[in-house]
Amino acid sequence: MAMASLARRKAYFLTTTSRVSSSSSVNGFNYSFARCFATSGSDENDVVVIGGGPGGYVAAIKAAQLGLKTTCIEKRGTLGGTCLNVGCIPSKALLHSSHMYHEAKHSFASHGVKVGSVEVDLPAMLGQKDKAVSNLTRGIEGLFKKNKVTYVKGYGKLISSSEVSVETLDGENTVVKGKNIIIATGSDVRSLPGITIDEKKIVSSTGALSLSEVPKRLVVIGAGYIGLEMGSVWGRLGSEVTVVEFGPDIVPTMDGEVRKSFKRVLEKQKMKFKLETKVVGVETSDTGVKLTLEPAAGGEQTILETDVVLVSAGRVPFTAGLGLDKLGVEMDKAGRILVDHKFTTNVPGIFAIGDVIPGPMLAHKAEEDGVACVEFIAGKEGHVDYDLVPGVVYTHPEVASVGKTEEQVKALGVDYRVGKFPFMANSRAKAIDDAEGIVKIIAEKESDRILGVHIMSPNAGELIHEAVLAVHYGASSEDIARTCHAHPTMSEALKEAAMATYDKPIHI
């Protein structure tokens with residue numbers, strides 16, 4: 001099986017290293033490298049990117065690296081989009097800081113570390129978060145300068161397939177011209193009927209990153225990635241956290257077996273869940289918020305009182321005010337822009353990437369979209385496999401996955417094997433007294449090809465990438481099992497799970 005995997009890898013490299021000739025058809029137009037580069041000194045851009053988030057700024061930098069004259073338009077005034085400013089980065093800063101506090105309060109003593117009174121200095125914690133965001137946003141501006149990307153601060157609106165009208169933050173109006181326009185405007189918080197977000201008592205994920213004090217009680221509406229992460233932050237700092245979810249499960253995209261274990265861990269951390277429950281009424285007052293709840297299928301209503309409500313019911317594509325309807329850009333019922341495999345819309349010269357198109361609403365997916373899109377524009381080949389985009393919940397333990405869940409494999413009617421290994425049997429996890437978790441591998445029975453990997457553990461978001469690479473190259477579970485892993489490491493749990501998939505593990 002290992003030899004078969006090697007043959008597949010050779011075939012893969014032969015395929016992916018091939019490149020198109022000096023000219024290529026993109027969206028019905030012929031682009032050549034000579035054409036792309038010859039106009040780089042003119043007033044018209046080769047590429048104009050609307051949106052400076054992970055997809056947009058990466059697309060802009062990559063386009064410039066390919067020799068294309070590039071301008072990026074961003075309305076926020078700082079680069080990095082939702083992810084860097086009010087999403088991925090600040091939330092991970094708070095997750096880390098709150099975990100340090102929780103460890104100091106609950107775990108240091110068992111490791112022989114004695115400390116005095118441990119207190120939360122919330123302003124300092126939020127300040128550290130803001131400093132991280134500020135440094136990173138300035139870093140992207142530095143990358144723009146290094147790669148000669150023109151940066152326009154303002155709200156861009158398409159007025160033709162080659163022109164963007166920009167209301168700048170300085171109150172002026174300018175028109176930016178480009179042969180190719182990439183829409184990378186990301187997503188926004190999904191609102192719920194009858195609930196008005198004021199970012200004080202009823203907050204979005206943005207407001208949840210900047211609460212002025214630790215609420216005694218916090219209700220999270222929505223049991224997805226963001227809700228569970230932010231619930232973890234404030235729960236560690238002292239909030240009584242209750243999660244209200246309309247569906248029957250938390251994180252419905254997660255492997256069912258891992259999800260059940262994950263929910264038990266969160267409940268050990270005193271997080272409460274009200275599943276198959278909907279919010280039918282909200283009443284705010286000076287003292288807090290009163291929620292009227294009802295079973296999802298209908299039934300007797302109950303009242304839940306809290307200090308702060310976090311609305312975390314998902315996100316929706318941000319396309320408002322872009323002028324897409326006037327140009328006839330096609331979208332689906334969910335408001336996502338429809339594109340082909342080259343990220344081209346039905347309007348020649350207009351492309352779209354990231355959260356505004358179908359696929360996982362994840363920063364790293366948007367980055368891959370951005371690189372592939374401009375490679376196509378430059379006459380090269382790009383590719384993104386959405387089945388191989390890893391997902392991570394950054395709680396503690398983290399949960400990370402790539403590929404298919406066991407439920408998905410069953411639905412496909414594929415014969416498969418499952419191998420599992422608990423971190424309770426992992427030497428490194430036991431040595432640091434942090435052994436809550438499991439690795440689960442799903443492989444095709446006949447070929448042993450890995451179909452999915454799911455990890456719940458400390459640093460699962462780092463461990464998953466060995467699995468991503470393995471699935472990407474069509475590796476078998478035996479390939480991982482026969483790869484030497486350093487001892488003692490958390491990564492050995494993945495090796496043992498692979499051994500359990502094709503044969504038998506050693507340490508259980």
With heavy-atom distances below 4.5 Å as the criterion, would you say the side chains of [X] and [Y] are in contact?
X    : Y    : value
I250 : E245 : no
F423 : E436 : no
I202 : I195 : yes
V393 : E398 : no
F246 : E276 : no
K92  : E229 : yes
I303 : T292 : yes
T242 : L218 : no

Hey, is the main chain of [Y] close enough, under 3.5 Å, to the side chain of [X] for a donor-acceptor pair?
X    : Y    : answer
H485 : A481 : no
E74  : K153 : no
N85  : L79  : yes
K365 : P390 : no
T78  : T137 : no
E305 : G288 : no
N147 : F144 : no
D198 : K201 : yes
D332 : G335 : yes
R236 : L95  : yes

Are [X] and [Y] linked by a side-chain donor-acceptor pair shorter than 3.5 Å?
X    : Y    : result
H507 : N426 : no
R217 : T306 : no
S427 : E492 : no
E406 : Y416 : yes
S134 : R138 : yes
D355 : S187 : yes
D369 : Y386 : yes

(request) Run through Q408, E407, K404, K260 and flag the one making a side chain to side chain contact (heavy atoms under 4.5 Å, CB included) with D255. (result) E407
(message) As a test of understanding, state which of P458, S98, S457 forms a side chain to side chain contact (heavy atoms under 4.5 Å, CB included) with H396.
(response)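 The side chain to side chain contact (heavy atoms under 4.5 Å, CB included) with H396 is passed solely by P458 among P458, S98, S457.
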(request) For R417 and E444, run salt bridge (charged side-chain N to carboxylate O under 4.0 Å, His left out): C-alpha distance rounded to whole Å, both residues' side-chain angles, the deciding distance at 0.1 Å, then the answer. (result) CA-CA 6 Å; R417 290 198 299 256; E444 188 178 19; over 6 Å; no
Crowding at [atom1], [X] (>12 non-hydrogen neighbours, <6.0 Å):
X    : atom1 : result
E267 : CD    : yes
K274 : NZ    : no
K278 : NZ    : yes

Find the distance between [atom1] ([X]) and [atom2] ([Y]) and round it off to the nearest 0.5 Å.
X    : Y    : atom1 : atom2 : answer
S107 : H99  : OG    : NE2   : 7.5 Å
D387 : H472 : CG    : NE2   : 12.5 Å
Y394 : N459 : OH    : CG    : 11.0 Å
D121 : Y101 : CG    : OH    : 11.5 Å
I61  : K146 : CD1   : NZ    : 9.5 Å
M361 : I226 : CE    : CD1   : 10.0 Å

Nearest heavy-atom pair of [X] and [Y]: which atoms, and what distance?
X    : Y    : value
P397 : F262 : O-CE1, 4.1 Å
L463 : L494 : O-CD2, 4.4 Å
A104 : V115 : O-CG2, 4.0 Å
A59  : I353 : CB-CD1, 4.1 Å
I508 : K420 : CD1-O, 4.0 Å
C72  : A60  : CB-CB, 4.1 Å

(message) Using the rule side chain to side chain donor-acceptor pair (under 3.5 Å), only one of E257, R264, R259, K263 pairs with S261; which is it?
(response) R264
(message) Pair E199, S204 - check side-chain hydrogen bond (donor to acceptor under 3.5 Å, both in side chains), show working.
(response) CA-CA 6 Å; E199 299 297 13; S204 67; 2.6 Å; yes
(message) Within 45 degrees of the ring normal and closer than 6.0 Å to the centroid, is that where the cationic atom of K75 sits relative to F318?
(response) yes
(request) Begin with the C-alpha distance, continue with both residues' side-chain angles, and end with the deciding distance and a verdict on side chain to side chain contact (heavy atoms under 4.5 Å, CB included) for L94 and M125. (result) CA-CA 7 Å; L94 287 183; M125 190 177 289; 3.9 Å; yes
(request) Under the ring-ring contact (aromatic ring centres under 6.0 Å, His included) rule, collect the residues that match up with H364, sequence neighbours excluded. (result)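 Result, ring-ring contact (aromatic ring centres under 6.0 Å, His included) vs H364: none returned.
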(message) Going by the rule ring-ring contact (aromatic ring centres under 6.0 Å, His included), which residues pair with H106 if we only count those two or more places apart in sequence or in a different chain?
(response) H102
(message) As a quick check of understanding, evaluate side chain to side chain contact (heavy atoms under 4.5 Å, CB included) for D433 and S110, giving each step before the final call.
(response) CA-CA 9 Å; D433 193 24; S110 65; 4.2 Å; yes
(request) Give the C-alpha distance, both sets of side-chain angles, the deciding distance and a yes or no for side chain to side chain contact (heavy atoms under 4.5 Å, CB included) between I182 and V374. (result) CA-CA 9 Å; I182 301 174; V374 296; 3.6 Å; yes
(request) Decide yes or no on side chain to side chain contact (heavy atoms under 4.5 Å, CB included) for V219 and L310, but give the supporting numbers first. (result) CA-CA 6 Å; V219 170; L310 165 58; over 6 Å; no
